Amino acid sequence: MNVAEFRSNLRAWLDENDLTPPPGDHSLDAHHAQHSRVLRALYDAGWMRWGWPESAGGLGGPMILRAIVGEEVVGRGLDEPGPYSMLEVLTPTMIDYASPELAAEMVPRLLSGSETWCQGFSEPGSGSDLASLTTRAEQRGDSWVVNGQKVWTSFAQYATRCVLLTRTGGPDTPNHAAITAFFVDIDTPGVTVRPLRTMHGVDEFCEVYFDDVVVPADRMLGNPGDGWQLAMDLLPYERSTCFWQRIAYLYSRFDALVGEVRQLGQAADSHLGDAYLALHTLRCRSRATQHRLADGQKLGPDTSIDKVLLASAEQQLYDTARDLMPGVIELDDTAWRTEFLYSRAATIYGGTAEVQRNIIARRLLDLGKE
Amino acid sequence: MDPESLELLEDALRKTMLSTSGAELDAALAELGWADMLSDMSELAIPLVFRLLGETGSHASVLNDVVLLTAVREAGLTPALPYAGGGWVVWDYADASENSTLGGLPLRRVDEGGHLRLPDARRAVGWWLVGASRAMLALARQHALDRVQFGRPIAGFQAVRHRLAETLVAIEGAEATLSLPGDDNPDLTALLAKAAAGKAALTAAKHCQQVLGGIGFTAEHDLHHHVERVLVLDGLLGSSKELTQKAGAGLRARGSVPRLVDL
Ligand SMILES: Cc1cc2nc3c(=O)[nH]c(=O)nc-3n(C[C@H](O)[C@H](O)[C@H](O)COP(=O)(O)OP(=O)(O)OC[C@H]3O[C@@H](n4cnc5c(N)ncnc54)[C@H](O)[C@@H]3O)c2cc1C
């Protein structure tokens with residue numbers, strides 16, 4: 001598969017098949033409906049299936065094709081980066097850890113937009129210190145029974161399934177061998193989803209409660225104790241293919257900003273230049289990462305560098321917007337406000353800025369323990 | 001060139017640069033085949049030679065050759081190179097005693113210069129800055145592991161760790177911009193890469209100096225060579241600040257943001 005040809009075919013197809021979101025409705029419900037619509041169309045036309053293995057309903061080909069599809073879909077504003085990124089976070093996990101039958105059955109549902117899934121990792125007592133999580137799963141015959149609470153679970157209110165981390169080991173099992181992952185149906189009795197309000201008004205995340213929730217054993221992802229490794233294996237995907245579409249989104253917003261502030265003249269130059277340098281640096285780094293992944297290299301802690309660059313470039317872009325369009329974010333109800341506020345979370349989700357620096361210090365600079 | 005020969009070449013270059021500098025290094029590099037490297041494999045030779053200049057802290061006038069290569073002028077000339085603030089400098093070994101440039105680079109101010117295209121030269125100085133940044137990071141990292149305060153190595157303190165992590169992020173980011181194939185727009189690609197490298201080097205200088213404490217402020221420790229070198233190199237062919245501003249002006253004129261390269 002020639003990558004350049006793939007890209008130009010995709011672009012031609014998107015030019016012919018207008019999937020622009022209907023104007024006017026910026027609610028989360030509207031985002032969700034648009035997400036499903038776009039995925040359905042792209043799946044039916046095959047685009048959404050490239051770069052995924054045939055065993056899970058894909059059409060094969062290199063992973064870099066996924067990044068290219070993401071870039072076009074999100075860069076053109078057809079889908080929001082948040083919902084779209086869930087594909088890249090959760091699908092590789094299913095392919096690597098679910099039984100082949102389960103992956104073959106479920107993955108096409110996610111990629112075609114007929115289902116949404118969520119990631120139930122964080123808990124009220126366990127954020128950065130994920131390994132301390134306390135949601136328990138206990139074996140009872142052929143099933144496991146889950147009790148506990150998750151929080152900040154994005155899109156759980158739309159989700160049909162949840163990739164859930166639980167504790168299965170006893171007090172003597174070391175944390176990293178005590179965690180087990182399950183693929184849980186959200187409509188199982190005992191699951192309660194409660195949306196939380198966010199500061200930017202797009203209420204994407206929820207609390208999810210588990211009260212004697214019975215999960216069949218064949219919904220375990222991997223083996224008992226594999227949950228920590230699953231969480232670690234997911235991160236490099238979250239910070240590679242997944243980033244490329246987010247970067248495309250930031251560039252599209254930067255285009256818009258440049259358009260808005262052109263009349264400012266030279267006074268805008270260093271602001272714009274600084275934001276450009278940060279985005280360009282991020283894009284170059286991420287491009288190298290995509291190519292390393294494409295060459296079959298295993299990504300690891302080095303992707304923490306990509307995450308630091310992304311979070312800082314994103315916040316810098318919106319800080320620049322606020323500096324160059326004084327009053328707009330505070331006084332006018334526009335998309336800039338929502339996006340500015342959302343960018344404040346970039347140094348929190350997916351591992352905080354501090355946690356990334358801890359990883360870089362420990363794993364890349366080999367500075368030993370704190 | 002196969003990886004093995006490249007490694008041998010790198011070793012030879014490093015060894016040479018560690019033992020000589022200035023005009024002598026120019027002669028030694030000529031002996032090692034610099035002219036052929038530049039004409040036959042500049043894509044490899046420029047990053048390699050300039051990164052090593054940075055890592056070893058030595059210097060040579062090879063930048064002139066890179067400038068002349070792009071300008072398609074005769075080798076051996078001494079072109080006036082733009083310097084921050086709208087000035088010009090030339091490489092001049094002649095009056096070493098009158099040289100007032102910080103950190104020992106034989107640069108002398110001149111009154112005027114012509115307009116040169118500088119994509120390769122900017123990339124070259126970018127690699128030089130990255131090499132010097134890596135040298136500073138290596139010094140600071142080792143010091144953090146060796147220096148004991150409050151009963152433990154200072155590498156155990158999160159404030160120290162985060163400064164070094166921040167330095168690595170900046171260097172890796174700059175290297176990525178330098179490694180981007182610039183086919184679409186070589187001038188803008190190189191301008192951004194030089195800006196990223198200058199910025200990364202100033203970040204590295206600040207953090208590494210802080211981590212080294214008092215010893216990093218002495219003329220006995222190696223750090224100051226690199227700090228001074230990157231201050232000078234940041235200004236050479238346009239400072240990070242100036243280039244960034246120029247890139248911003250370009251965006252305004254164009255009304256959109258060049259992506260520069262696809263996946
Ligand atoms: C918009 C958004 C969406 C999210 N979506 C999901 C989702 O879908 N699924 C999911 O499972 N989670 C999700 N999260 C949760 C996210 O992963 C956590 O918020 C994150 O891991 C941080 O945990 P915390 O909020 O508990 O903060 P804490 O871990 O309590 O951190 C608070 C502060 O302390 C600092 N800190 C903590 N430990 C250290 C340390 N060792 N060294 C230095 N500083 C430290 C942190 O950097 C931070 O600044 C989402 C979060 C946000 C904001």
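Everything quoted here is computed from the prediction, not taken from an experiment. In what follows, every heavy atom counts, from backbone to side chain, and hydrogens, waters and symmetry copies are set aside. Letters go in sequence order (proteins before strands), and every chain restarts at 1.
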Under 4.5 Å from any heavy atom of chain A, what part of [X] do you find: side chain, backbone, both or neither?
X: B/L188; answer: side chain
X: B/P153; answer: neither
X: B/A253; answer: backbone
X: B/V160; answer: neither

At what distance, to the nearest 0.5 angstrom, does [atom1] of [X] lie from [atom2] of [Y]?
X: A/L364; Y: B/L164; atom1: CG; atom2: CG; result: 12.5 Å
X: A/L272; Y: B/L251; atom1: CG; atom2: CG; result: 6.0 Å
X: B/L168; Y: A/I305; atom1: CG; atom2: CD1; result: 4.0 Å
X: A/C284; Y: B/L178; atom1: SG; atom2: CG; result: 9.0 Å

Between [options], which shows the greatest number of heavy-atom pairs under 4.5 Å with chain B?
options: A/L367, A/I360, A/I247; value: A/L367
options: A/A256, A/G265, A/A248, A/A294; value: A/G265
options: A/A288, A/G368, A/G259; value: A/G368

Quick one: donor-acceptor pairs under 3.5 angstrom, chain B versus chain A?
from: B/R141; atom 1: NE; to: A/L365; atom 2: O; distance (Å): 2.6
from: B/R141; atom 1: NH2; to: A/L365; atom 2: O; distance (Å): 3.4
from: B/R141; atom 1: NH2; to: A/D366; atom 2: O; distance (Å): 3.3
from: B/Q158; atom 1: NE2; to: A/N358; atom 2: OD1; distance (Å): 2.9
from: B/Q158; atom 1: NE2; to: A/E370; atom 2: OE2; distance (Å): 3.3
from: B/R161; atom 1: NH1; to: A/G368; atom 2: O; distance (Å): 3.1
from: B/R161; atom 1: NH1; to: A/K369; atom 2: O; distance (Å): 3.4
from: B/R161; atom 1: NH2; to: A/G368; atom 2: O; distance (Å): 2.7
from: B/H162; atom 1: NE2; to: A/N358; atom 2: OD1; distance (Å): 2.6
from: B/E166; atom 1: OE1; to: A/R357; atom 2: NE; distance (Å): 2.5
from: B/E166; atom 1: OE1; to: A/R357; atom 2: NH2; distance (Å): 2.8
from: B/E172; atom 1: OE1; to: A/R285; atom 2: NH1; distance (Å): 3.3
from: B/R252; atom 1: O; to: A/R262; atom 2: NE; distance (Å): 2.8
from: B/R252; atom 1: O; to: A/R262; atom 2: NH2; distance (Å): 3.3
from: B/R252; atom 1: NE; to: A/G265; atom 2: O; distance (Å): 3.2
from: B/R252; atom 1: NE; to: A/D269; atom 2: OD1; distance (Å): 2.6
from: B/R252; atom 1: NH2; to: A/D269; atom 2: OD1; distance (Å): 3.3
from: B/R252; atom 1: NH2; to: A/D269; atom 2: OD2; distance (Å): 3.2
from: B/A253; atom 1: O; to: A/R262; atom 2: NH2; distance (Å): 2.9
from: B/V257; atom 1: N; to: A/D255; atom 2: OD1; distance (Å): 2.7
from: B/P258; atom 1: O; to: A/Y276; atom 2: OH; distance (Å): 2.8
from: B/R259; atom 1: O; to: A/R283; atom 2: NH1; distance (Å): 2.9
from: B/R259; atom 1: NH1; to: A/D255; atom 2: OD1; distance (Å): 3.3
from: B/R259; atom 1: NH1; to: A/D255; atom 2: OD2; distance (Å): 2.9
from: B/R259; atom 1: NH2; to: A/D255; atom 2: OD2; distance (Å): 3.0
from: B/V261; atom 1: O; to: A/R283; atom 2: NH1; distance (Å): 2.5
from: B/V261; atom 1: O; to: A/R283; atom 2: NH2; distance (Å): 3.1
from: B/D262; atom 1: O; to: A/R287; atom 2: NE; distance (Å): 3.0
from: B/L263; atom 1: O; to: A/R7; atom 2: NH2; distance (Å): 2.9

Practice problem: Apply the test side chain to side chain contact (heavy atoms under 4.5 Å, CB included) to residues A/L365 and B/L137: give CA-CA distance (whole Å), side-chain angles for both, the deciding distance (0.1 Å), then the verdict. | Solution: CA-CA 10 Å; A/L365 288 170; B/L137 179 57; 4.0 Å; yes

Exercise. Could you tell me which of B/A144, B/A155, B/G255 has the largest number of non-hydrogen atom pairs under 4.5 Å with chain A?
Key: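 Between B/A144, B/A155, B/G255, the count favours B/G255.
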
